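This report refers to the structure that appears directly beneath it.
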Amino acid sequence: MISDRMKNLHPYVPGEQPKDRVYIKLNANENPYPPSPLVTKTVKKAAKEYGSKMALYPDPDSNELKAAVARMLNETGGVLARAELSGGRKNGSGSRVSPSEGDRIPFTVTPDMIYCGNGSDEVLSFVFYAFFSSDRPVVLPEHTYSFYPVYAGFYNIPMNKIPLNSDWTINTDKMLSEAHKTDSGIIFANPNAPTGLSISREEVRKMLENAPADKVFVVDEAYVDFGGESCIPLLKDFKNLLIVRTFSKSLCGAGMRLGYAVASPELIGHITTVKNSLNHFPVDFISQQAGIASCADAGYYAECARSVAFERDEFIDFLREKGWYVTDSSTNFVFCRKDGVNGEAAYRKIKEQGILVRHFATPGIEEYLRITIGTHEQMRSLRNAMKDL
Ligand SMILES: *Cc1c(COP(=O)(O)O)cnc(C)c1O
């Protein structure tokens, strides 16, 4: 009864969302803070004053949202944790925001360089469809966001998975030499998941200078706002660079399902063609409104990103004092293991104390836990749950 294509489907398994008990949820890299009050207000207003708009199709291309995203990127430089705040209230709401010196984008990001979709997972799926094909492998790290292999299977795209270095960093030389052998495109997350490690913009520049120029080079910046370096400035020099970002992590909006790509208008046009061939209206009216409001309060999210980064660094210190090996995370999660502690057993012991973290049964990382950074209170409970492990 099923098609041959179905045999290539190996669905992604997300972090569990249990209903049986209220857990502290540190297993899906969601943001522990709610969206900006401006977002809640806007959504309420949209439902009340423009409720009838829900009887109509939304803007198929989210034009106002694209403009809002472009404005936010220019305003913040694309890394919230380092954005500079002035004026405004203490929680950041209403603050004026400007990029830190090192994050300044040397051109203006325009709305035609943005594509908005139903979560960055959907954007990524369209990117795989538009730019990678069955005639040559896409080059990616062995351990990276586990949805990439799922899409490769879905679209029947072969993969060339490059092992990470022994310190968990991406082996950029090997990725490039392999990409050259088959004249292939490349994809990786920077910062990478689940390792939390990032490479600098200059390292990515060197990669781009040596990668096949006529193949698309994708950098997934889902976590960059927590302290990595954005590659948006490199768009000026590399027409094959495509950056994917999301509202789900640093913009406290996993439930809004909003993600976007930043690239040359030409590449954005191709993703739009895929979209218009599958689902004309991936972003609903309310999500467009919520997204526009989010982008208007970057100061609030900059404060959230800083709190997360602060808690992360405290937690890394705690783990290292307790004898854990922890990578240098520039994200909203940590990747850690301890000699003599089985990864799966540690996950279960922490769960017994009411806290969910993520354990992957994937060979090579099965001794590790990936733990999302929560609020100060949540991290205190977590330290308590882990102090005797
Ligand atoms: C969370 C995550 C995504 C998906 O985000 P959504 O916008 O919620 O679909 C994409 N890439 C990476 C690396 C992620 O961690």
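Here the structure is a predicted model, which is why all the values come from computation and not from measurement. Counting starts at 1 for both ligands and their atoms, following the listed order.
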field: Donor-acceptor contact below 3.5 Å, side chain Arg337 vs main chain Gly343
entry: no
task: Spell out, as yes or no, whether a donor-acceptor pair under 3.5 Å connects the side chain of Gln378 to the backbone of His376.
output: no
- request: Classify the side-chain pair Asn29/Tyr223 by whether it contains a donor and acceptor separated by less than 3.5 Å.
  value: yes
- request: Applying ring-ring contact (aromatic ring centres under 6.0 Å, His included), run through Tyr347 and Tyr368 and close with a yes or a no.
  value: CA-CA 9 Å; Tyr347 153 81; Tyr368 281 78; over 10 Å; no
task: Heavy-atom distances under 4.0 Å are what count here, so tell me which part of Asp220 touches ligand 1: side chain, backbone, both or neither.
output: side chain
query: Numbering the atoms of ligand 1 from 1, which are under 4.0 Å from a heavy atom of Gly119?
result: 7 (O), 9 (O)
- request: Give a yes/no verdict on whether any heavy atom in Ala222 is under 4.0 Å from an atom of ligand 1.
  value: yes
- prompt: Polar-atom distance check: Tyr148 versus ligand 1, any N or O pair below 3.5 Å?
  reply: no
- prompt: Of all the non-hydrogen atoms in the protein, which one sits nearest to atom 14 (C) of ligand 1, and at what distance?
  reply: Lys249 NZ, 3.0 Å
Heavy atom of Asn29, distance to ligand 1 below 4.0 Å: no
Ligand 1-proximal atoms of Tyr223, by part, heavy-atom distance under 4.0 Å: side chain
message: Please list, in number order, the atoms of ligand 1 under 4.0 Å from a heavy atom of Arg257.
response: 6 (P), 8 (O), 9 (O)
query: Can you tell me the protein heavy atom closest to atom 5 (O) of ligand 1 and the distance?
result: Ser120 OG, 3.0 Å
- request: Decide whether an N or O pair under 3.5 Å exists between Thr246 and ligand 1.
  value: yes
message: Applying a heavy-atom cut-off of 4.0 Å, say which part of Ala193 lies close to ligand 1: side chain, backbone, both or neither.
response: neither
Among Ser330, Ser230, Ser250, the one residue meeting side-chain hydrogen bond (donor to acceptor under 3.5 Å, both in side chains) with Asp225: Ser250
query: According to the interplanar angle, ranging from 0 to 90°, do the rings of Phe128 and Tyr151 count as parallel (below 30°), tilted (30 to 60°) or perpendicular (above 60°)?
result: tilted
task: For the pair Ser329 (side chain) and Val334 (backbone), establish whether a donor and an acceptor sit closer than 3.5 Å, ignoring hydrogens and angles.
output: no
query: Asp121 and Tyr12: side-chain donor and acceptor closer than 3.5 Å?
result: no
- request: Could you tell me which atoms of ligand 1, counted from 1 in the order shown, lie closer than 4.0 angstrom to a heavy atom of Ser248?
  value: 6 (P), 7 (O), 8 (O)
